[in-house]
Amino acid sequence: MLRTSTRRVTSSLSRTVVFARCLNTQSGAVPFPEKLAFAFDIDGVLKQGHHNVLPEAKRVLQLLSGGDGRLSKPIPFLLITNGGGVPDEERRAALSSELGVQLGPDQLVQSHTPLRDYVKPYREKPVLVIGGAGESCRRVAESYGLKHAYIPQDVIKWKPAIWDRTALTEEEEAFARPADFSQIPLSAVFVMHDTHDWGRDIALILDTLSAKDGILGTKREHKSDQGEVELVLSNADVEWRSDWPIPRLGQGAFRLSLEAVYKATTGLELPYKQFGKPFKATYDFSELSLRRYLSSVGRNPDIPLNVYMVGDNPASDIAGANAHGWSSILVRTGVFSDENGETPEHKPTVIMDDVEKGVEWAIRRETGRIL
Ligand code: G3P
Ligand code: MG
């Protein structure tokens with residue numbers, strides 16, 4: 001039953017008053033939408049940039065989590081982001097504090113979270129981990145059980161000549177780990193997050209993919225035997241919404257650059273495995289996470305669900321949700337804009353101005369309430 005409290009709401013939350021009333025417009029109880037669940041993208045939906053949480057995001061998550069008392073019980077949701085670069089538990093704690101809602105262990109899927117299982121065969125093998133600030137992605141890799149995770153700064157500490165455009169900063173010297181890569185057969189490259197030095201990391205990935213047995217400083221005799229060293233990418237976003245009003249380049253743009261340089265220098269197509277939205281592995285993993293979450297809060301994890309994915313990027317959020325059989329709500333607070341009449345490359349179930357209007361529309365659609 002959808003119960004809405006009649007407590008006073010200040011004028012500054014007038015939209016909430018409208019939203020609360022809309023759930024209260026008809027007399028009598030409305031059957032609780034037991035099958036309803038939400039999946040929220042983060043950048044461009046809940047946040048715009050590192051520090052800018054959208055106010056409507058906080059209101060919506062308070063509603064759905066039952067924090068504002070307007071629902072008789074919470075409506076389940078999880079966050080699915082192509083972002084990452086920080087261990088899952090750390091990011092979950094940070095987002096819980098920023099968004100004002102306590103996220104459970106299964107309520108956050110980052111770009112690399114599905115790699116937690118994928119990397120198991122590599123746990124005892126040396127790998128190169130790319131992306132993020134400092135050694136944060138090494139910590140992500142180690143949180144997934146990788147015992148020999150090296151980062152670009154370790155390689156430059158070993159041989160600065162391998163990338164002579166930027167020297168290690170004092171801070172990087174402090175965290176870079178001594179290693180002799182002439183004795184380390186790298187077995188895979190994991191790009192865990194957007195890299196902060198494209199030139200350096202393109203050079204190191206090319207070196208690693210072209211090395212004999214993964215030993216840096218060597219060249220494979222036969223160019224055709226691609227795949228000695230696996231390249232795994234966690235996010236295909238060419239663009240994403242930060243706190244700059246025009247979308248910024250993401251890991252997908254980095255991959256396009258890497259592909260071009262790889263082709264130009266080897267004549268071959270870049271071999272890689274891609275994770276992140278819109279790809280099936282990420283949505284399958286997210287569905288399992290959502291159902292684990294249902295079980296953790298005492299709800300039946302096996303019921304059929306009507307999941308609504310709220311996203312700002314048609315190429316990742318909408319395409320992935322549509323392919324997975326979820327409803328999709330495209331919002332205008334991120335990468336997508338139809339200011340000049342644009343239509344999205346992947347057709348959503350609906351286009352709404354922001355996440356709050358999107359959730360309002362979905363609840364109305366699921367409960368039959370006419371607003
Ligand atoms: O690096 C993050 C960016 O690619 C998009 O993140 O939350 O919009 O999937 P998100
Ligand atoms: Mg987004």
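Every number for a ligand or one of its atoms is a count from 1 in the order of the listing. In this chain, residues are counted from 1 in sequence order.
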A.B. asks: Quick check, are the ring centers of F285 and F275 under 6.0 angstrom apart?
C.D. replies: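 Not under 6.0 Å, so no.
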A.B. asks: Under 3.5 Å, side-chain donor or acceptor atoms of residues 308-317 against the rest of the protein: list the pairs with distances, not counting sequence neighbours.
C.D. replies:
{"from": "Y308", "atom 1": "OH", "to": "R365", "atom 2": "NH1", "distance (Å)": "3.0"}
{"from": "Y308", "atom 1": "OH", "to": "E366", "atom 2": "OE2", "distance (Å)": "2.5"}
{"from": "D312", "atom 1": "OD2", "to": "V335", "atom 2": "N", "distance (Å)": "2.7"}
{"from": "N313", "atom 1": "OD1", "to": "A315", "atom 2": "N", "distance (Å)": "2.9"}
{"from": "N313", "atom 1": "ND2", "to": "E239", "atom 2": "O", "distance (Å)": "3.4"}
{"from": "D317", "atom 1": "OD1", "to": "K277", "atom 2": "NZ", "distance (Å)": "2.7"}
{"from": "D317", "atom 1": "OD2", "to": "D312", "atom 2": "N", "distance (Å)": "3.0"}
{"from": "D317", "atom 1": "OD2", "to": "N313", "atom 2": "N", "distance (Å)": "2.9"}

A.B. asks: Kindly confirm or rule out a cation-pi arrangement of K159 over F181, judged by NZ or CZ under 6.0 Å from the six-membered ring centre and within 45° of its axis?
C.D. replies: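 No cation-pi geometry.
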A.B. asks: Side chain, backbone, both or neither: which applies to Q251 and ligand 1 if a contact is any heavy-atom pair less than 4.0 Å apart?
C.D. replies: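 Q251 to ligand 1: no contact under 4.0 Å from either part.
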A.B. asks: Considering heavy atoms of the protein only, find what lies nearest to atom 7 (O) of ligand 1 and give residue, atom and distance to 0.1 Å.
C.D. replies: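 For this ligand atom, the closest protein heavy atom is T81 OG1, 2.6 Å.
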A.B. asks: Considering heavy atoms of the protein only, find what lies nearest to atom 3 (C) of ligand 1 and give residue, atom and distance to 0.1 Å.
C.D. replies: W240 CB, 3.4 Å
A.B. asks: Determine, for K280 against D284, whether the closest basic-nitrogen to carboxylate-oxygen distance falls under 4.0 angstrom.
C.D. replies: yes
A.B. asks: Just let me know how D194 lines up against ligand 1, side chain, backbone, both or neither, with a heavy-atom cut-off below 4.0 Å.
C.D. replies: side chain
A.B. asks: Give the atom name of whichever N/O/S atom in D43 sits closest to the Mg ion (ligand 2).
C.D. replies: O
A.B. asks: Looking only at N, O or S atoms in D41, which is nearest to the Mg ion (ligand 2)?
C.D. replies: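 For D41, the N, O or S atom at the smallest distance from the Mg ion (ligand 2) is OD2.
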A.B. asks: Give the name of the N/O/S atom in D312 that lies closest to the Mg ion (ligand 2).
C.D. replies: OD1
A.B. asks: Side chain, backbone, both or neither: which part of N235 has a heavy atom under 4.0 Å from ligand 1?
C.D. replies: side chain
A.B. asks: Using a strict cut-off of less than 4.0 Å between a Lys/Arg side-chain nitrogen and an Asp/Glu carboxylate oxygen, indicate whether K357 and E360 qualify as a salt bridge.
C.D. replies: no
A.B. asks: Which protein heavy atom lies closest to atom 10 (P) of ligand 1, and at what distance to 0.1 Å?
C.D. replies: D41 OD1, 2.8 Å
A.B. asks: Output yes when E142 and R177 qualify as a salt bridge under the 4.0 Å nitrogen-oxygen rule, no when they do not.
C.D. replies: yes
A.B. asks: Where on D237 is there a heavy atom closer than 4.0 Å to ligand 1, on the side chain, on the backbone, on both, or on neither?
C.D. replies: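 Only the side chain of D237 comes within reach of ligand 1.
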A.B. asks: Any cation-pi pair here, K125 with Y122, using under 6.0 Å and within 45°?
C.D. replies: yes
